[in-house]
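One structure below.
Since the model is a prediction, treat every value here as computed from it, not as a measurement. Positions are given from 1 along the sequence. Just so you know, these numbers use all the heavy atoms, side chains as well, and skip hydrogens, waters and symmetry mates.
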Amino acid sequence: MSGTLREQLIGTWHLQSYTETAVGESQASYPLGEDARGSILYAPDGYMSAQLMRQGRKAFSGGDIYQASADEFRDAASAYLSYCGPYHVDEQRGLLSHSVELSLFPNWIGQVQQRVARLDGDTLHLSTYKPMLAHGREVIAHLHWKRAAPPARSV
């Protein structure tokens with residue numbers, strides 16, 4: 001696929017892997033497990049949305065989306081990442097800026113999350129531009145995404 005980085009980003013991508021490496025270390029960890037699932041969408045109008053989760057999260061004991069125990073809410077949220085907002089591409093530097101409008105992690109709201117982006121065919125490699133705090137240490141996150149095939153049409 002040819003075109004600018006922005007043009008090539010448009011569409012839906014499925015998570016292949018999500019690792020974090022602590023600054024000064026070489027051993028990577030899997031914060032949402034080795035089989036984490038996720039999708040990131042880049043729309044032509046300049047908005048993006050990212051959703052990532054640990055597989056095997058427990059269902060709430062009841063069927064009410066807003067009523068669960070504090071432990072159920074904590075466990076569900078600690079195994080899920082999500083945010084969305086406008087995105088901007090610095091073509092020369094290969095940087096993406098995600099301007100966070102909504103986020104499960106409230107501290108990101110109003111912030112700009114910068115990502116280093118590299119495309120390799122139908123694989124998108126994203127990493128944090130600067131270290132972020134995770135589990136009490138500074139880490140660089142590395143995410144690998146595969147372009148999603150169009151969904152099957154149902155009748």
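Side-chain atoms of Tyr80 and Gln51 form a donor-acceptor pair, as typed in the model, at a separation below 3.5 Å. For the residue pair Ser127/His142, the side-chain donor-acceptor check at 3.5 Å is not satisfied. Side-chain contact annotation: Tyr18 with Gln16, donor-acceptor N/O pair under 3.5 Å absent.
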Side chain to side chain contact (heavy atoms under 4.5 Å, CB included), that's the test. Do Arg115 and Thr128 meet it? Break it down for me.
CA-CA 5 Å; Arg115 304 289 181 259; Thr128 49; 3.6 Å; yes
Gln113 and Trp108: side chain to side chain contact (heavy atoms under 4.5 Å, CB included), yes or no, with the steps?
CA-CA 8 Å; Gln113 292 294 312; Trp108 279 6; 3.5 Å; yes
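Across Ala77 and Leu104, no two heavy atoms sit closer than the pair O-CD2, 3.7 Å. What you find for Gly3 and Gln8 is that their closest heavy atoms are O-NE2, 2.8 Å. Here the shortest heavy-atom pairing between Val139 and Ala134 reads CG2-CB, 3.8 Å. Across Pro31 and Ser29, no two heavy atoms sit closer than the pair CD-O, 3.3 Å. In plain terms, the two heavy atoms of Arg6 and Pro44 that are nearest each other are NH2-O, 3.3 Å. In plain terms, the two heavy atoms of Val112 and Ser97 that are nearest each other are CG1-CB, 3.7 Å.
Each of Met53 and Ile40 belongs to its own hydrophobic cluster when Ile, Leu, Val, Met, Phe, Trp and Tyr are linked at side-chain heavy-atom distances under 4.5 angstrom. Taking hydrophobic clusters as Ile, Leu, Val, Met, Phe, Trp and Tyr residues chained together by side-chain heavy-atom distances below 4.5 Å, Phe105 shares a cluster with Leu126. Tyr47 and Leu102 sit in two unconnected hydrophobic clusters of ILVMFWY residues. Membership requires side-chain heavy atoms under 4.5 Å apart, directly or through other members.
One distance of note links NE2 of His135 with CG of Leu133; it measures 10.0 Å at 0.5 Å rounding. His14 NE2 to Ser39 OG: the interatomic distance, rounded to the nearest 0.5 Å, is 4.5 Å. Here the straight-line distance linking atom NZ of Lys146 with atom OG of Ser17 works out to 12.0 Å at 0.5 Å rounding. With rounding to the nearest 0.5 angstrom, the CG atom of Leu5 is 8.0 Å from the CG atom of Leu124. The OG1 atom of Thr19 sits 6.5 Å away from the OH atom of Tyr30 when rounded to the nearest 0.5 Å. We find the CD-OG distance between Glu72 and Ser61 to be 4.0 Å, quoted to the nearest 0.5 Å.
Of the possible polar contacts, none joining the Glu138 side chain to the Val23 backbone as a donor-acceptor pair under 3.5 Å is found. Side chain of Arg137 to main chain of Met132: no donor-acceptor pair is present (N/O by atom type, distance under 3.5 Å, no hydrogens or angles). Judged by distance alone, with hydrogens and angles left aside, the side-chain atoms of Ser103 form no donor-acceptor pair with the main-chain N or O of Ile109 at under 3.5 Å. For Arg118 (side chain) and His125 (main-chain N/O), no donor-acceptor pair under 3.5 Å exists by modelled atom type. Under the 3.5 Å distance criterion, the side-chain polar atoms of Gln111 are matched with a main-chain donor or acceptor of Asn107. For Asp120 (side chain) and Thr123 (main-chain N/O), no donor-acceptor pair under 3.5 Å exists by modelled atom type.
With sequence neighbours left out, Phe73 forms a side chain to side chain contact (heavy atoms under 4.5 Å, CB included) with Phe60, Ala68.
For CD of Gln27, the number of neighbouring non-hydrogen atoms (other residues, nucleotides, ligands) closer than 6.0 Å is 12 at most. More than 12 non-hydrogen atoms from other residues, nucleotides or ligands lie less than 6.0 angstrom from CZ of Arg74.
Under the side chain to side chain contact (heavy atoms under 4.5 Å, CB included) test applied with Val89, the options Leu96, Thr4, Leu95 reduce to a single match, Leu96. Partner Tyr42 forms a ring pair (Phe, Tyr, Trp, His ring centres under 6.0 Å) with one of Trp13, Tyr87, Trp145 and no other, that one being Tyr87.
Looking only at side-chain heavy atoms (C-beta outward), Leu32 and Leu52 come within less than 4.5 Å of each other.
Relative ring orientation between Tyr83 and His98 is described as tilted, the plane-to-plane angle lying within the 30° to 60° band.
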